[in-house]
Amino acid sequence: MSRRIFITSKASQDIDLAFAYIAQNNNEVALHFFDAARKTIAQLAMTPGKGSIFEIDNP
């Protein structure tokens, strides 16, 4: 059973910024990173018990 995954605007922005940073030196690697991020999110949707929550203190 697949769960819905909600990607926050901050998470989406972080992925986009990482992509842009990597693409400055290697566009192919940046595309690989983006694809890997999408696959990871899809895996989390398929196996919701996988992984753990990582709490971040917001300053």
Side-chain angles (χ1 to χ4, degrees):
M1 178 177 171
S2 181
R3 297 259 211 179
R4 289 186 67 178
I5 298 289
F6 295 96
I7 301 171
T8 65
S9 60
K10 175 67 173 136
S12 181
Q13 181 183 25
D14 286 348
I15 292 170
D16 290 345
L17 288 172
F19 174 85
Y21 177 78
I22 297 167
Q24 289 176 358
N25 294 314
N26 191 324
N27 200 42
E28 186 176 331
V29 172
L31 291 171
H32 181 75
F33 161 78
F34 192 78
D35 190 41
R38 286 183 2 161
K39 286 180 182 178
T40 299
I41 293 165
Q43 286 176 343
L44 288 171
M46 296 301 293
T47 54
K50 187 177 194 175
S52 60
I53 295 174
F54 183 77
E55 295 292 332
I56 298 175
D57 292 330
N58 290 325

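One-based numbering along the sequence shown. Side-chain atoms are counted along with the backbone in the values below, which use heavy atoms only and exclude waters and symmetry mates.
A distance of 9.0 Å separates CZ of R38 from CD1 of I41, quoted to the nearest 0.5 Å. Atoms CE and CD1, from M46 and I5 in turn, are 11.0 Å apart once rounded to the nearest 0.5 Å. Between atom OG1 of residue T8 and atom CG of residue D14 there is a gap of 7.5 Å, rounded to the nearest 0.5 Å.
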Determine all donor-acceptor pairs shorter than 3.5 Å in which one atom belongs to a side chain in residues 17-27; sequence neighbours excluded.
residue : atom : partner : partner atom : Å
N26     : OD1  : E28     : N            : 3.1
N26     : OD1  : V29     : N            : 3.1

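Heavy-atom contacts from other residues, nucleotides or ligands closer than 6.0 Å to CZ of F33 number more than 12.
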